[in-house]
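Taking it in order: structure first as structure tokens, then the write-up.
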Amino acid sequence: MKKILTVILILAMAPINLFASKNNITIGGGTGIGTSPYKGIDYDQFFVPYFDITYNDFYLRGVEIGYNVYQEDAFTLSLFANPLGGYKVDASDLSSGYNNIDDRDYQIEGGVKVVYDTSWYDLKLGGFASLGEEGGSLGAFAFKSYFLTDRFSIIPKVYIKYLSEEYTDYYFGVTQAEADRNSGINNSYNPDPTYTFGIDLGAEYIVTEHLSLVGFFGLEKLSDEINNSPIVEEEILYKMGIGAKYTF
């Protein structure tokens with residue numbers, strides 16, 4: 001569970017705005033809690049590191065490594081790689097009767113991302129496509145910055161993600177062999193392609209020129225294709241946390 005949430009929180013704390021300066025180094029850390037969709041895994045609390053490093057058109061943002069292929073005015077096209085895509089689930093962490101499934105592992109995902117600044121009240125729109133050994137996903141998102149004071153800002157973001165059949169089958173499906181050796185599972189389960197959608201809220205308070213405090217909260221709604229899996233019990237996931245970052 002800690003490894004799953006570490007990835008979630010690193011990505012949640014990473015800055016959303018891709019129209020940053022050419023060169024930047026920001027590091028920090030924070031603590032957070034969140035839920036897991038899997039049976040018997042509730043939540044955990046732990047420290048999570050924070051990275052945002054850009055050099056010319058290359059960047060390291062959370063665990064995502066990317067390169068801005070094309071950037072002009074309000075439009076950015078990027079290629080990216082995420083070495084910790086998907087979920088890592090240890091069977092031993094699940095409830096009794098479900099804890100003899102095969103472990104699920106992270107996958108290396110690569111893809112393309114676009115972000116467009118509409119110039120309409122600072123609203124930005126984007127989308128991405130990614131693919132890994134265990135399937136891929138497509139997504140669309142929108143976010144906007146609100147500066148409530150000269151030091152305090154919030155960024156609400158809404159998104160929807162489409163998950164391929166291979167992806168949902170690997171992370172939420174159950175083989176007949178797994179069903180046979182788990183008393184809580186009656187039959188195999190092979191989900192169709194599906195989706196999730198959610199909302200994130202990030203906040204930042206500027207303490208000094210270099211030091212800022214950050215926080216975030218997010219909710220994600222899973223589809224029936226995921227909820228109907230015999231190893232899933234949570235329909236709505238949440239994450240929240242606080243931290244600090246220092247920009248050099």
Side-chain angles (χ1 to χ4, degrees), residues 1-37 41-55 58-66 78 80-88 93 106 109 113 115 122 124 126 128 139 141-159 161 196 198-221 234 236-248:
M1 179 58 179
K2 289 185 178 180
K3 295 179 180 178
I4 296 174
L5 289 179
T6 298
V7 176
I8 293 174
L9 296 177
I10 289 174
L11 294 175
M13 291 180 66
I16 298 175
N17 192 347
L18 300 183
F19 301 97
S21 60
K22 281 288 185 179
N23 299 294
N24 172 71
I25 299 178
T26 301
I27 61 173
T31 184
I33 58 174
T35 51
S36 166
I41 304 179
D42 296 322
Y43 66 89
D44 211 338
Q45 180 178 357
F46 50 89
F47 172 79
V48 56
Y50 176 99
F51 298 102
D52 177 26
I53 301 172
T54 59
Y55 178 74
F58 293 93
Y59 67 83
L60 169 63
R61 188 170 294 119
V63 296
E64 181 180 297
I65 303 169
S78 305
F80 70 91
N82 175 12
L84 298 178
Y87 300 85
K88 180 174 176 57
D93 292 335
Y106 294 131
E109 298 177 353
K113 179 185 300 181
V115 176
D122 200 32
K124 297 177 177 64
F128 70 89
F141 53 86
F143 60 93
K144 180 182 179 340
S145 300
Y146 291 91
F147 293 89
L148 304 183
T149 71
D150 58 349
R151 290 181 176 268
F152 182 65
S153 62
I154 60 173
I155 304 178
K157 174 185 176 183
V158 294
Y159 64 88
K161 293 188 294 185
T196 70
I199 181 171
D200 291 332
L201 179 65
E204 178 177 356
Y205 180 78
I206 300 173
V207 181
T208 68
E209 179 183 357
H210 300 284
L211 179 65
S212 296
L213 302 178
V214 295
F216 58 88
F217 175 80
L219 292 174
E220 183 174 25
K221 172 69 170 61
E234 295 294 338
I236 298 177
L237 309 180
Y238 79 86
K239 59 180 181 284
M240 65 177 66
I242 57 173
K245 64 179 184 177
Y246 187 89
T247 300
F248 293 89

Query raised in the report: So do I236 and L219 actually touch side chain to side chain, heavy atoms under 4.5 Å?
Result: yes

**Report entry** D122 side, atom CG; Y146 side, atom OH - distance, nearest 0.5 Å
**Finding:** 9.5 Å

Query - V115 vs F141 side-chain heavy atoms within contact, under 4.5 Å - result: yes

Query raised in the report: Do I27 and Y50 have side chains that get closer than 4.5 Å, going by heavy atoms?
Result: no

Report summary line: So salt bridge (charged side-chain N to carboxylate O under 4.0 Å, His left out) across residues 143-156, not counting sequence neighbours, yields none

Query raised in the report: Should L213 and V207 count as side-chain neighbours, where that means a heavy-atom distance under 4.5 Å?
Result: yes

Query - Y159 and D200: CA distance, side-chain angles, deciding distance, side-chain contact (heavy atoms from CB on, under 4.5 Å) verdict - result: CA-CA 8 Å; Y159 64 88; D200 291 332; 3.7 Å; yes

Query - salt_bridge(D52, K245) N-O dist < 4.0 Å - result: no

Requested in this report: Could you name each residue pair satisfying salt bridge (charged side-chain N to carboxylate O under 4.0 Å, His left out) that touches residues 210-220, not counting sequence neighbours?
Outcome: K161-E220

**Report entry** Side chain to side chain, R61 and F80, heavy atoms closer than 4.5 Å
**Finding:** no

Query - Validation row: K124, K157 side chains within 4.5 angstrom (heavy atoms) - result: no

Query raised in the report: Should the ring pair Y246 and F248 be called parallel, tilted or perpendicular, given that the plane angle runs from 0 to 90° and is split at 30 and 60?
Result: perpendicular

Query - Partner residues of F147 under the side chain to side chain contact (heavy atoms under 4.5 Å, CB included) criterion, sequence neighbours left out - result: S145, S153

Requested in this report: Validate the cation-pi geometry between K239 and F217: distance from NZ or CZ to the six-membered ring centre under 6.0 Å, angle to the ring axis within 45°.
Outcome: no

Query raised in the report: Hey, is E234 close enough to K221 for a salt bridge, meaning N to O under 4.0 Å?
Result: no

Report task. Using the test ring-ring contact (aromatic ring centres under 6.0 Å, His included), find all partners of Y205 that sit at least two apart in sequence or belong to another chain. Result -> none

**Report entry** Residue pairs involving residues 208-219 (criterion salt bridge (charged side-chain N to carboxylate O under 4.0 Å, His left out); sequence neighbours excluded)
**Finding:** none

Requested in this report: Applying side chain to side chain donor-acceptor pair (under 3.5 Å), name anything that partners T247, two or more places apart in sequence or on another chain.
Outcome: T26

